[in-house]
Amino acid sequence: MSPSGADVLRQIKSRIDEVDPAAARDQLSNGAIAIDVREPEEWAAGHIPGARHVPKSYLESRIEGAIPDRSQHLILYCASGNRSAWAARTLIEDLGYANVESMTGGFTLWKDRGYDVEMPRALSAEQRDRYSRHLLLPEVGPEGQQKLLDAKVLLLGAGGLGSPAALYLAAAGVGTLGIVDNDTVDVSNLQRQVIHSTERVGVSKVDSAEQTINALNPDVKVEKYDVRLGSENIIEILSGYDVVVDGLDNFPTRYLLNDASVRLRIPVVSAAILGFEGQLSVFKPYDGPCYRCLFPTPPPAELAPSCGANGVLGVLPGTMGLLQATEVIKLILGEGEPAIGRLLMYDALAATLSEVKVRRDPDCPICSRPPEEISDEEMGVFPDYEAFCAGVH
């Protein structure tokens with residue numbers, strides 16, 4: 001006669017360690033990690049503060065991403081202590097985790113004892129549909145999507161790089177997008193600036209970008225800055241943003257951006273394009289080099305787009321702008337390895353992507369010092385760039 005489900009559960013519980021909620025609470029305060037194995041709708045109704053959500057139905061495929069250290073002390077819980085017992089057996093016997101316990105009575109008993117409960121903000125039904133493919137990714141999930149919705153990203157330029165970056169950040173659900181651009185849409189822009197359209201020629205780029213973003217995702221709030229970025233307004237504009245997307249086309253403003261972002265400790269995802277080639281790097285203040293570490297002085301004139309009109313393959317800013325959007329999302333989620341201390345170089349004609357390591361300069365005039373020591377007078381200063389530019393015409 002085959003054993004009943006209750007018999008199997010008793011056998012499983014006899015092979016694992018169980019812990020009372022009171023003892024579990026003490027152990028969690030001393031470094032143990034709570035793993036909630038319930039389904040998403042149960043998690044959304046409340047969970048143990050600091051717990052990590054790994055539903056039992058995805059346990060085998062997601063636990064290593066959540067807890068790569070198999071020696072870590074884990075306390076699993078469900079609603080009543082049964083599913084967590086099954087999950088504990090799987091972790092111990094099938095996946096080799098060495099220090100796993102199941103909490104008796106589960107979340108129900110935890111709440112009945114009056115212990116702290118965290119109530120996450122729940123996505124609406126429309127948001128669950130819109131971001132459903134994100135929710136399936138363990139690196140994103142409901143918590144990561146909420147991080148995106150809470151994030152504020154500033155795009156410097158609604159041009160070739162800013163257009164694709166803005167579109168995909170809006171589609172991903174980044175809650176606030178600031179856009180700085182004092183230009184209007186021109187027919188010549190439409191070959192690469194895909195956020196604009198023919199009927200908007202002559203319209204300010206920030207207004208045009210706002211229309212497209214609003215049509216794409218009503219979750220996104222657009223903050224418009226129809227101004228030229230300069231030393232008199234950069235600190236005020238950048239303040240309060242989590243990440244900056246650098247779509248600038250001139251070196252004077254890039255040096256100014258670097259100095260302001262270091263002073264405010266805001267990471268910058270920077271890209272540059274010229275002809276058939278693009279470059280990308282992430283400058284996260286004090287975690288890696290800054291822009292001045294990479295370019296202590298302006299590069300040669302032939303590599304300086306701001307010194308004259310240059311051609312560009314229309315799809316190239318799309319490629320680089322989407323790489324920028326990807327790096328922004330990684331920074332917001334805290335996932336993966338952003339391109340900090342690395343300069344990625346893309347050659348569209350050769351279809352190659354190469355990488356150069358960049359180190360912090362211990363003598364950098366900006367990032368070698370505490371941010372509070374960076375004065376207004378020295379931000380954006382570098383030797384005779386205007387004269388350098390004038391000399392190449």
Side-chain angles (χ1 to χ4, degrees), residues 1-123 128 132 135-146 333-335:
M1 183 176 178
S2 300
S4 66
D7 291 335
V8 173
L9 182 60
R10 279 193 293 271
Q11 292 174 13
I12 287 173
K13 289 189 174 184
S14 71
R15 305 200 314 254
I16 66 166
D17 292 326
E18 293 187 288
V19 60
D20 181 81
R25 187 173 63 160
D26 292 339
Q27 292 171 10
L28 292 174
S29 66
N30 288 316
I33 297 176
I35 304 293
D36 189 322
V37 301
R38 298 174 301 160
E39 294 305 305
E41 60 274 13
E42 296 175 282
W43 165 270
H47 54 261
I48 293 175
R52 302 185 189 181
H53 186 214
V54 185
K56 184 176 178 295
S57 51
Y58 294 101
L59 187 68
E60 293 84 355
S61 60
R62 296 186 179 180
I63 188 61
E64 288 178 283
I67 308 291
D69 182 2
R70 284 175 164 78
S71 66
Q72 175 68 53
H73 183 189
L74 305 180
I75 298 176
L76 277 55
Y77 72 91
C78 59
S80 64
N82 292 339
R83 282 174 291 171
S84 59
W86 286 84
R89 185 205 65 82
T90 298
L91 292 189
I92 295 166
E93 298 183 7
D94 297 337
L95 297 177
Y97 282 80
N99 192 5
V100 181
E101 296 175 296
S102 171
M103 191 173 75
T104 57
F107 188 63
T108 301
L109 184 55
W110 177 278
K111 283 201 305 181
D112 289 346
R113 297 271 181 89
Y115 300 155
D116 289 344
V117 171
E118 186 172 309
M119 301 295 295
R121 287 176 293 164
L123 300 175
R128 288 196 298 272
S132 60
L135 303 184
L136 293 172
L137 294 171
E139 295 84 358
V140 185
E143 288 180 279
Q145 189 59 55
Q146 195 63 63
L333 296 176
E335 294 287 346

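Since the model is a prediction, treat every value here as computed from it, not as a measurement. Side chains included, hydrogens not; waters and symmetry mates left out as well; all remaining heavy atoms used.
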Nearest 0.5 Å please: distance from the [atom1] atom of [X] over to the [atom2] atom of [Y].
X      : Y      : atom1 : atom2 : answer
Ile92  : Asp17  : CD1   : CG    : 6.5 Å
Tyr97  : Asp69  : OH    : CG    : 8.5 Å
Arg83  : Leu76  : CZ    : CG    : 11.5 Å
Glu118 : Trp43  : CD    : CH2   : 7.0 Å
Ser84  : Glu101 : OG    : CD    : 11.0 Å
Phe107 : Asp112 : CZ    : CG    : 10.0 Å

Would Leu135 and Leu123 count as a side-chain contact (heavy atoms from CB on, under 4.5 Å) here? Give the steps. CA-CA 11 Å; Leu135 303 184; Leu123 300 175; 3.8 Å; yes
Is any NZ, NE, NH1 or NH2 atom of the basic residue among Glu39 and Lys56 found under 4.0 Å from an Asp or Glu carboxylate oxygen of the other? no
Of all heavy-atom pairs between [X] and [Y], which one has the smallest distance, and what is that distance?
X      : Y     : value
Ala51  : Tyr77 : CB-OH, 3.6 Å
Ser102 : Ala88 : CB-CB, 4.4 Å
Ile63  : Leu95 : CG2-CD1, 3.7 Å
Ile12  : Ala85 : CG2-O, 3.6 Å
Gly46  : Arg38 : O-NH2, 2.6 Å
Val37  : Ala87 : CG1-CB, 4.1 Å

Got a sec: does the [atom1] of [X] have more than 12 other heavy atoms crowding it under 6.0 Å?
X     : atom1 : result
Tyr58 : OH    : no
Arg70 : CZ    : yes
Lys13 : NZ    : yes

Any donor-acceptor N/O pair, [X] side chain to [Y] backbone, under 3.5 Å:
X      : Y      : value
Gln72  : Gly31  : yes
Thr108 : Ala79  : yes
Trp86  : Leu9   : no
Arg25  : Tyr115 : no

Out of Ile48, Ile35, Val19, which one pairs with Ile75 under the side chain to side chain contact (heavy atoms under 4.5 Å, CB included) rule?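 Exactly one pass, corresponding to Val19.
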Say whether Asp7 and Ser4, considering side chains only, have a donor N or O and an acceptor N or O under 3.5 Å apart. yes
Side chain to side chain, [X] and [Y], heavy atoms closer than 4.5 Å:
X     : Y     : value
Arg89 : Asp94 : yes
His47 : His53 : no
Ile67 : Leu91 : no
Glu60 : Thr90 : yes
Arg52 : Leu74 : no
Asn99 : Ser71 : no

